[in-house]
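Before any comments, here is the structure.
Owing to the predicted nature of the structure, the values given are computational and were not obtained by experimental measurement.
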Amino acid sequence: IQLELMNAGLNLRSRSCVFVGLPLAHVTSRARFWVDDKARRRRYFSIFNLRDDTFDEYFRAINEFSPDYLRGYPSFIATLAAMMVARGKRLHKPVKAVLSTAETLLDWQREIIQRAFQAPVYDRYGCAELCVFASQCGRGFLHIHNELCYVELETLTETAETVTGRLICTSWANLAIPLIRYDVGDVATLLKNPCPCGRPGPVLAKVDGRIEDCVLCPDGRVITRLDHVVKGITAIQEMQIVQDSLNHLTVYVVPSRGFSSHTRDIIRKRLLERTGDMKIDFVLVEQVQRERNGKVRFVKSQVGARKWQN
């Protein structure tokens, strides 16, 4: 954690707002969505209560605390950022950085977060089993911490510069249960060449997400990243793509100001350019479905999950 903070120009005494997947209903009515940890100089916010009618409370509580940085799920921070942009809101004191964790950080999420908070976004990657750790450098690449883990890839695709495959990890940090060549269920892309930042060791260009979050196309192709279909589109607060059969996608959208049939047509066109001949339906919702831990999966593919399990 200290190295991650140093990369962002921060330290252990920096003030932070942390967005967590826990309900905080037990605190006072004024602070029903947040609670302070004065010793660590942190204000914890629940991610479960952000709506149009509670946005002002969240925004006021963040402003009041004057954090040096934000940390939490990128899906939540991106939603908060989109609401700020739609309302023309800016923090009184700009944060120095936003630290993304626990989910795959998508390109469009990074763009809207940086636009709203006027600060760089730093990603990190790990898992609850403590068998893989990586943090982002100033050039935007994820450096694997070899002192804590050893990472291998089972190749899916390969180019002259990168290898994409399933992450197979061995932990040096989990003292309770030895995990040797453990399949964490994620797909990632590894650089073949050293990172341009100069730091040694293996480097991930990106983590594409869980195996079941890959879309299986009718022609047999596996697509590991679809967030580019919303690149440059600001009329969306949240979106999720669900594949329930080989030829069908349902796109759930939480629309923002400016969303129209033209927005929908752009997304449909971009999806078809990547997936080929598939039926695509759009459903407008007030909130995208969360997992039990509060995370949002941008792509959920039952078809992809069945393929990899077989």
Side-chain angles (χ1 to χ4, degrees), residues 3-4 7-8 71-75 77-78 97-114 120-127 131-146 148-169 183-217 221-233 239-241 270-271 273-275 295-301 304 308:
L3 178 61
E4 179 186 23
N7 288 339
R71 177 163 60 88
Y73 298 153
S75 60
I77 301 177
V98 179
L99 307 184
S100 165
T101 186
E103 294 175 339
T104 300
L105 174 65
L106 306 176
D107 289 344
W108 69 270
Q109 292 172 337
R110 183 189 294 275
E111 289 176 5
I112 193 69
I113 291 170
Q114 291 182 160
V121 180
Y122 294 88
D123 196 15
R124 74 171 173 176
Y125 173 64
C127 65
C131 61
V132 57
F133 302 87
S135 58
Q136 191 177 61
C137 68
R139 296 296 187 93
F141 296 109
L142 290 163
H143 288 255
I144 297 171
H145 294 277
N146 277 341
L148 300 173
C149 61
Y150 179 70
V151 174
E152 305 169 76
L153 261 70
E154 286 191 355
T155 303
L156 295 172
T157 60
E158 186 170 357
T159 69
E161 298 179 347
T162 63
V163 179
T164 298
R166 300 172 64 144
L167 282 170
I168 308 297
C169 305
D183 185 345
V184 299
D186 284 351
V187 173
T189 298
L190 184 74
L191 291 182
K192 291 183 177 180
N193 297 317
C195 182
C197 80
R199 284 173 56 186
V203 180
L204 297 175
K206 60 183 178 179
V207 178
D208 295 307
R210 299 200 62 78
I211 297 289
E212 61 263 32
D213 291 343
C214 302
V215 169
L216 180 63
C217 299
R221 290 178 297 116
V222 177
I223 298 180
T224 59
R225 201 75 182 253
L226 279 173
D227 58 293
H228 300 94
V229 301
V230 291
K231 185 176 178 63
I233 296 176
M239 195 175 96
Q240 184 179 67
I241 301 168
R270 291 176 178 177
L271 279 171
E273 288 173 349
R274 290 158 173 79
T275 63
K295 295 184 181 182
V296 174
R297 287 159 59 186
F298 184 67
V299 176
K300 295 178 66 172
S301 177
W308 294 116

message = Counting C-beta onward and ignoring hydrogens, is there a side-chain heavy-atom pair between V229 and M239 closer than 4.5 Å?
response = yes
key: Side-chain touch V151/L153, heavy atoms, less than 4.5 angstrom   = yes
note = All heavy atoms of A188 vs all of L204, minimum pair found to be CB-CD2, 4.0 Å
ask   = Are any side-chain N or O atoms of R110 and backbone N or O atoms of L105, one a donor and one an acceptor, separated by less than 3.5 Å?
value = no
query = Between CD1 of I144 and SG of C169, what distance do you get to the nearest 0.5 Å?
reply = 7.5 Å
ask   = Is the backbone of N193 close enough, under 3.5 Å, to the side chain of E161 for a donor and an acceptor to pair up by distance?
value = no
message = For the CD1 atom of I112 and the CD1 atom of I77, what is their distance to the nearest 0.5 Å?
response = 13.0 Å
request  = Give, for atom NE2 of H145 and atom CZ of R124, the distance between the pair rounded to the nearest 0.5 Å.
outcome  = 9.5 Å
note = Nearest heavy-atom approach of R199 to S135 is NH2-OG, 4.4 Å
remark   = When rounded to the nearest 0.5 Å, the distance separating CG of L190 from CD of E152 is 11.5 Å
ask   = Could you state the interatomic distance from OG1 (T101) to CZ (R71), rounded to the nearest 0.5 Å?
value = 7.0 Å
Smallest separation among heavy atoms of P196 and R139, with atom names = CB-NH1, 3.2 Å
request  = Would you mind checking if D107 and K231 are paired as a salt bridge, meaning a charged N to carboxylate O distance below 4.0 Å?
outcome  = no
query = Who pairs with E273 by salt bridge (charged side-chain N to carboxylate O under 4.0 Å, His left out), at least two apart in sequence or on another chain?
reply = K269
ask   = Is any side-chain heavy atom of L271 less than 4.5 Å from a side-chain heavy atom of I241?
value = yes
ask   = Under a 4.5 Å cut-off applied to non-hydrogen side-chain atoms, are I233 and W108 in contact?
value = no
query = Atom NE2 of H143 and atom SG of C195: how far apart are they, to the nearest 0.5 Å?
reply = 3.5 Å
message = For a quick test of reading the model, state the closest non-hydrogen atom pair linking Q136 to L142 and the distance between them.
response = N-CD2, 3.7 Å
With sequence neighbours excluded, residues passing side chain to side chain contact (heavy atoms under 4.5 Å, CB included) with T162 = T159, T189, L191
